[in-house]
Each structure stands twice: as structure tokens, then as C-alpha cells.
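Indexing begins at 1, ligand by ligand and atom by atom, following the structure's order.
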Amino acid sequence: MAGVQSMASKSILPVTTGEYHTICSIPVSTVHNLKPGLNFITVNVAIDQRDTSKVVRLLVYRNDDQSLTVCRNLCRHNGGTFIHDIEDSAEIVKCTFHGWKLNTKTLNYTNPPDCLKQEQLKIEIQMDGSLTIFEPLRYEPWAVNEQQMQSLKSNELTITYISHACVEIQAAGMTLITDPWLTGPSFGRGWWLLHEPEADAYERVANANAIYISHGHPDHFNLPTLRRIAKMNPHVPIYVPRLKVNVFSNDLERLGFTNIQITQLGTWQTLSKNNESCARFMILPDHLFPHLDTFLLFEYKGHRILNLVDCCNPNGDHLPSPVDVLLTDFASGASGFPSCFVDQFGEDKVLEMAKTKAHTFLKKTTKHIQITKTPMWIPFAGYFMEAGPGDEQIQQLNWKNTPESAAITLQARIPHLQVWCPFPGGKYDVGSNTASTPSKTKVDYLKRSWNFEPYIRQLDESMKFKPLQTMDGVKEYFRWAEFKNYDLVLHIIETSNNYSTTIREYFVDFAGSAPVFPSYYPPGRPLFRIRGRSSVFRDTFIRGWSWDNIYIGFSGHFFAEPNTYHFKFWDHFNNSLPEYPPSWKGDHHQAC
Ligand code: FES
């Protein structure tokens, strides 16, 4: 553990100014008052972009040997602040946003367990006994080769909303489309589009100068939509981030796309072939899921449009500032927690938790608006509905913010903030700061019916897949999945689509170096139970797809004993499964 060996010693850590920068200084009087164990320290600084109240909040743990372990009081999940809960041991702090817990001595998160580590800050003792605190230099690749701000003509730089997280950014006639989801469901059968895209939506996407796909979730990387686009124009340039796990190019190639740009994060991409255009964009990483999730900075004549998509912790909250327009999600309700935990908490508690979560969600948005100093916020990437047959309970319990309610909350917190709540075909012009007005009422833009049948039929087809009709196939799947050495017993209860009939159930124990399948629950072991749709389970297993379809797609009811969020389990089955699906001896399935 790095830290101060003796409070009287001088600098004990080399400080490389090329890699670290000073974030604050702890005065000598405060240093002398540090007590053994945990200390909450707040330091006033002139400017700190990560904390708009212009203070730096630190957690300082004084160890038995007098060394110090120092980190920011800033949760890795969504940037919440930690407090000490008297129920916890002395070195544990709890996040005020969603309750994650951090051991301030080891800097390991303890809830969720076995997952993340908090970044340790470097310290240097000055001659007068004060402490200087350093952290790695901020990753700000957009600051290289900055554009000169120039005035814009009317309609020279515009944003047109298409659906959900799909917008068209147009600069001087060049267009970039983000995350096209125009048809069908996402996450198995869980999410359905709330808006009906305009009739020209496919033409806009297929004829764009660039399509950006932020991450692999199907409401952003939507295969039914992309299949149709590939038929219309297989040569349209598609920009996907270069990530540790290649979640895009296999499927894009299979669909027939010929111009797939696997793009290095933090590098400018221009929108013209001859590089003469000054419309450019950059893909940037999320900090909580750097191997998975990204966001977009678009720049034209020095004007910036920042699209944070639905990142949890975009670039560790090091964001460009100021930006002209900020697009973020707003709704909350984009996962199975808490709406799929009725078995654990009961309906009333789940609804109460969902309302709290939706309210808390806007703290993240508030922070990002303040950091980026944007005058204009566009709520998007939350226009979906749990419309599928059998999901009426989820629809009722999965409480979400509306764009209008979010606007009221945020404008009360941030004076002078302008908000444009978009509608299909609606356009915002950055230069004139004007938005088109809808030609019909808000309700008339909402979808009233969905074509469920072909998608649900396709999922139901998985029940005919012979290998998974026996436990041998189930065992083959879990061996393929390679999740192991984690103290958890998974209890899967496969049910009919409306959950009324149990089709089969089994246990999987992950404690050893390979999964084992006990015929009963081993008493006393941590348990996680999923009572879920058999068709969705089997379709997910056959294709080797992420369990997002089950968890985010609301196709299961969950119960944990003890009540723990098994981040490591979910991170594996949602995000880290092998790149290629199980081979399924002799049975072939089309992944697309
Ligand atoms: S638990 Fe800390 S921000 Fe969510």
C-alpha cells in the first residue's frame, strides 16, 4: 500500500509531473488532527471541475503504522458521496446514491463484493507538514488541436431526433447518426419503442455520412434495424469503439456491412473523405465500464455537442466544458432492479424503491450539466416501454422520469437551463438556439401497438432446441460460460412466458474451479434465484448472448439470500462471456 510512512518524513513517493497533477493541499493543522482510521476531509480549492461546489472531498485512512491511504470521496458507480453508517465497521463507507460500500483501508468495494477498486491518490509531505495530494492527469484528448469558435448560420449545425438514442447530427450538410433502433424489441422481448419513427428515418440512417454505435446493448446496437439498413446501403460507414471485447464487427460483417470503422478512443474522426471538413467527432470511454461503454463528442466550428448516451460515469466525469448542447438519458428504469425483485421485497417496496431510484437518477444528470456548463439539455435515450404481453406488472412497477418531469426538476436546480424535449422528426438548430414545434400533440407521437408476434415466436422456437432440453446441454452451456471460483449457488426456475407454470429447475454452484450441479440447495450457501422465462433463457444460451436479455429485459424475477448485489456474477454473464457462442455439437443457429 502506498502512503506516508511517517508523518514527519518528507516526500516518500516520486511525483512525475508529466503523469500526475496536484488536486489540493491538506493544511498542517488538519494533518495534525487526523485520527487513527477513517477521516472525512473537505478541502476548499479555487477551481475543481470534478466538484462543482469547488471543494475536494477526500477519504483519508490513517493506518496503524501512521501511513495514509487517500482517495476521493466520489463513488465509482455514478459519482455519489460516501458517508459512514453506524451499522458498518469503522473503515467502511456507504454511498448516499445507491448504497455501494467501500473499504477505505484497502480501497476495495465490498458491496457489490469482489468487483471494483477505488483509485488511490498520491501524497507528498511538504516541509511545513502539510500534504499535497496528486492524481493521474485527466484524460482530455479533445483539448488537443482545439477549434476556433466561429459563428453559425441558421441550420448549419442541427440535431434531429429520430427515436430513443438515435439522433441525426448535421453540420454543413454532413450527417452523423447515433445508435439507430427503429424497429422491433430490445433485450429479448423486454423493451419496445415508445415513439414511432418518422417515415424517412431509414433513409436518413442508410444515407448518413457516419453511424456511431456507442455500445453493445441492443437498444443501441439493434440487429433488426441494422439488418434493414445493410440491405439499403451496405457501404454506409459505421463507427464502433475499439474495445477489449469486440462485440460489434462479427455481427456487422455477417449483416453485410462493408465499411466498419473500429475506432480508437480519444481520436478525432472527420466527417469528410478529404479531411477538409471541420465537422469532427471523438469516441470517449465510460469509467465504470471502460471495456464496454462509450460516449460521443461532436465538434463543428468550435461548437460542441456532447452525447453521454447512458454512460454511468463518463470519462470519470472529466468532461469538456463548456459544451453548446448536452444529450443524456433521463428516465431511470433501464435494468431489472428493482422492478424484477418482487420476490425479494414485495410490490409496495419495489415501487417505492423505483421512485427513489428515478429521483436519485437526476443527481447524475445535474452533475453533468454543471460540469459541462451547457445552456441546453436534451433528454433522450429513455424512450422505451415494457409493452410486451405478460409484462403489465413490470410496466406498473418500473417507475421512470418523463422528460417533462425531469426538466422541471433540473430547471429548479439549475437556473437558466434550457431544455428541449424532442419528438420524432423534431429539430434543434444550435446556431439560432431554436427548436421546431411539433405538428401534433405529444401523445400522438407515441406508439399504440407493436408487432410482438414474430419476435416472441422466434424466442419460443428455442424451446425446440434439442441440446438444451436435457441437463447435459445446460451443463455444456455453463462450462462454456467459464464462471467459477465465486461463492454463489444459482437456482434457475424456468417458467412459461407468463410465469404461471414451472417447466424445470436446477442449481449451479460456482464455488469451485468448474461449475457443479447439485440436485438440491446446499444449506447455508449464498443463493441467487431467477424465476424466468424458459424461452428467453434458452435463446440466450443457444446464441451465447449476454444475460442482459434476462436482467435488463425484465424476463425474470430475482431473489438473493443474503440480499447482496453479485456484481462479479452479473458483470460476467452480462459483459464477459466468451466471444463465440457454444458450438452445440451438430446444431447450428444464426446469431443474427
Ligand atoms: S452507489 Fe454510488 S453512485 Fe450509485
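Each of Ile550, Asn549, Ile493 was scored for a side-chain contact (heavy atoms from CB on, under 4.5 Å) with Phe537, with one residue passing: Ile550.
Asp179 and His220 share a donor-acceptor pair across their side chains, judged by distance under 3.5 Å alone.
Taking a heavy-atom cut-off of under 4.0 Å, ligand 1 is surrounded by Cys75, His77, Asn78, Gly79, Gly80, Cys95, Phe97, His98, Gly99, Trp100.
The six-membered or imidazole ring of Phe478 lies near that of Phe541, with a centre-to-centre distance under 6.0 Å. For Tyr383 and Tyr161, the ring centers sit closer than 6.0 Å to each other. Aromatic pair Phe341/Phe558: centroids less than 6.0 angstrom apart.
Asp324 and Arg304 are not joined by a salt bridge, as no carboxylate oxygen comes within less than 4.0 angstrom of a charged side-chain nitrogen.
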